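Everything numeric in this text was worked out from a predicted model, so none of it was measured. Counting starts at 1 for both ligands and their atoms, following the listed order. Counting from 1, the numbers follow the sequence of the chain as shown.
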Amino acid sequence: MRILITGGAGFLGSHLCDYLLARGHEVICMDNLITGSTANIAHLAGHERFLFIKHDVTNYIFVEGHLDAVLHFASPASPIDYLEYPIQTLKVGALGTHKALGLAKDKKARFLLASTSEVYGDPLVHPQREDYWGNVNPIGPRGVYDEAKRFAEAMTMAYHRAHGVDTRIARIFNTYGPRMRLNDGRVVPNFVAQALRGEPLTVFGDGSQTRSFCYVSDLIEGIYRLLESNVTEPVNLGNPDEMSILEFAHKIIALSGSRSPIVFVQPEDARVRDDPKVRRPDITRARTLLGWQPQVSLEEGLRRTIEWFRTRI
Ligand code: UDP
């Protein structure tokens, strides 16, 4: 297949580039590099089936030749990035999705949207199933991301229904691994960097909020299976192994052999406002329709991630 990946120089996008190239596909990677980085794809320079195009997909997307699939992964994806780029986040989810869908329609290509567990907001149903409509504050700090992705899902279904575009929607839960940005503010890079530097781990609030963490290779495998399937309904992809953030901090300290203490902080800024109190995917749909479930344990995934960060700190 000849595949376009928007956001291809980001954390997930660049792992997707690697995966698809390894399977023999041709990859066009598009990114405006506001949160992505060429460092993530530098090792692909000169690859005969790889092309990088620097472009902001909120503007008209031009790609020469045919395309079999468009994978729309472009977006800031961490709470501090939404605070720094609120309008770009809204634009790439809304205008960028429209442009990417228009391209898929024109090329008669399959379209896959990277959506998110944030469409469930601060969920009142636990664990989250795909038929739950969510609890989102449209005007809160996360609203720019949550509402953009909700709009993106609506737009994707509209192109599917009105134009017959062959679409897929992946609702991606917290994912971690090598190539996360050290300063992206998410809990994995923050805690790992703090642990490796011997600094206190900053647990927000009382640390009782929960998350479920999926290792990146598992997630990418799920994306590929979804792309290859005929499932047009949204599918949760994530690891259902749920724990409190406080427990998670202890795990990172133990696995990195650190002597860092834990501090409880109440950031004044928007990082804790509307912080979802619980999050765990119900992956029944992915299990039954895609035959997919995570394979990498949290210990193993964290070990690989800590080693990767160790060489960069
Ligand atoms: N968190 C934390 N300390 C940090 C960064 C994050 O306690 O230094 C918490 C945050 O409040 C949230 C969880 O970790 O409850 C996951 O945060 P992240 O930003 O990774 O992603 P989210 O799941 O909130 O989108």
Report task. Compute whether any side-chain donor of one residue and acceptor of the other, for N236 and R285, lie under 3.5 angstrom apart. Result -> no

Query raised in the report: Which is it for V188 and ligand 1 at heavy atoms under 4.0 Å: side chain, backbone, both or neither?
Result: neither

Query raised in the report: Between E153 and R171, is the closest basic N to carboxylate O distance under 4.0 Å?
Result: yes

Query - Presence of salt bridge, R110 and D68, under 4.0 angstrom - result: no

Report task. Decide whether an N or O pair under 3.5 Å exists between R279 and ligand 1. Result -> yes

Query raised in the report: For Y82 and ligand 1, does the shortest N/O to N/O distance drop below 3.5 Å?
Result: no

**Report entry** Sub-6.0 Å ring centroid separation between F213 and F248
**Finding:** yes

**Report entry** ligand 1 N/O within reach of V187 N/O, cut-off under 3.5 Å
**Finding:** yes

Requested in this report: Decide whether an N or O pair under 3.5 Å exists between R186 and ligand 1.
Outcome: no

Query raised in the report: Counting each atom of ligand 1 from 1 as listed, which ones have a heavy atom of G185 under 4.0 Å away?
Result: 5 (C)

Query raised in the report: Does F248 reach ligand 1, in the sense of a heavy atom lying below 4.0 Å from it?
Result: no

Query raised in the report: With a cut-off of 4.0 Å, which atoms of ligand 1 are near a heavy atom of N174?
Result: 21 (O), 22 (P), 23 (O)

Query raised in the report: Where on M180 is there a heavy atom closer than 4.0 Å to ligand 1, on the side chain, on the backbone, on both, or on neither?
Result: neither

Query raised in the report: For ligand 1, which atoms have a heavy atom of D275 less than 4.0 angstrom away?
Result: 10 (C), 11 (O), 12 (C), 15 (O), 24 (O)

Query raised in the report: Do the charged groups of K108 and D106 touch, with an N to O distance under 4.0 Å?
Result: no

Requested in this report: Compute the minimum heavy-atom distance from S78 to ligand 1 and say whether it is under 4.0 Å.
Outcome: no

Report task. Under 4.0 Å from a heavy atom of T202: give me the atoms of ligand 1 that qualify, with their elements. Result -> 2 (C), 3 (N), 4 (C), 7 (O), 8 (O)

Query raised in the report: Thinking salt bridges, do R225 and E228 make one under a 4.0 Å N-O criterion?
Result: no

Query raised in the report: Cationic tip of R304 within the cone over W308's six-membered ring, i.e. under 6.0 Å and within 45° of the normal?
Result: no

**Report entry** Subset of ligand 1 atoms that lie under 4.0 Å from at least one heavy atom of I245
**Finding:** 7 (O), 13 (C), 14 (O)

Query raised in the report: Would Y19 and H15 count as a close aromatic pair, with their ring centres under 6.0 Å?
Result: no

Report task. Please say whether P276 places an N or O atom under 3.5 Å from an N or O atom belonging to ligand 1. Result -> no

Query raised in the report: Would you find a donor on one side and an acceptor on the other, under 3.5 Å apart, between the side chain of E147 and the backbone of Y145?
Result: no

Query raised in the report: Which of the atoms in ligand 1, numbered in the order shown and given with their element, are less than 4.0 Å from a heavy-atom of V203?
Result: 7 (O)

Query raised in the report: Hey, which atoms in ligand 1 end up nearer than 4.0 Å to a heavy atom of N190?
Result: 4 (C), 5 (C), 8 (O)

Query raised in the report: With a 3.5 Å cut-off and no angle check, do the side chains of N135 and D122 form a donor-acceptor pair?
Result: no

Report summary line: Quick note on ligand 1: atoms under 4.0 Å from a heavy atom of E118 include exactly 25 (O)

Query raised in the report: When you check the side-chain N and O atoms of S256 and S258, is any donor under 3.5 Å from an acceptor?
Result: no

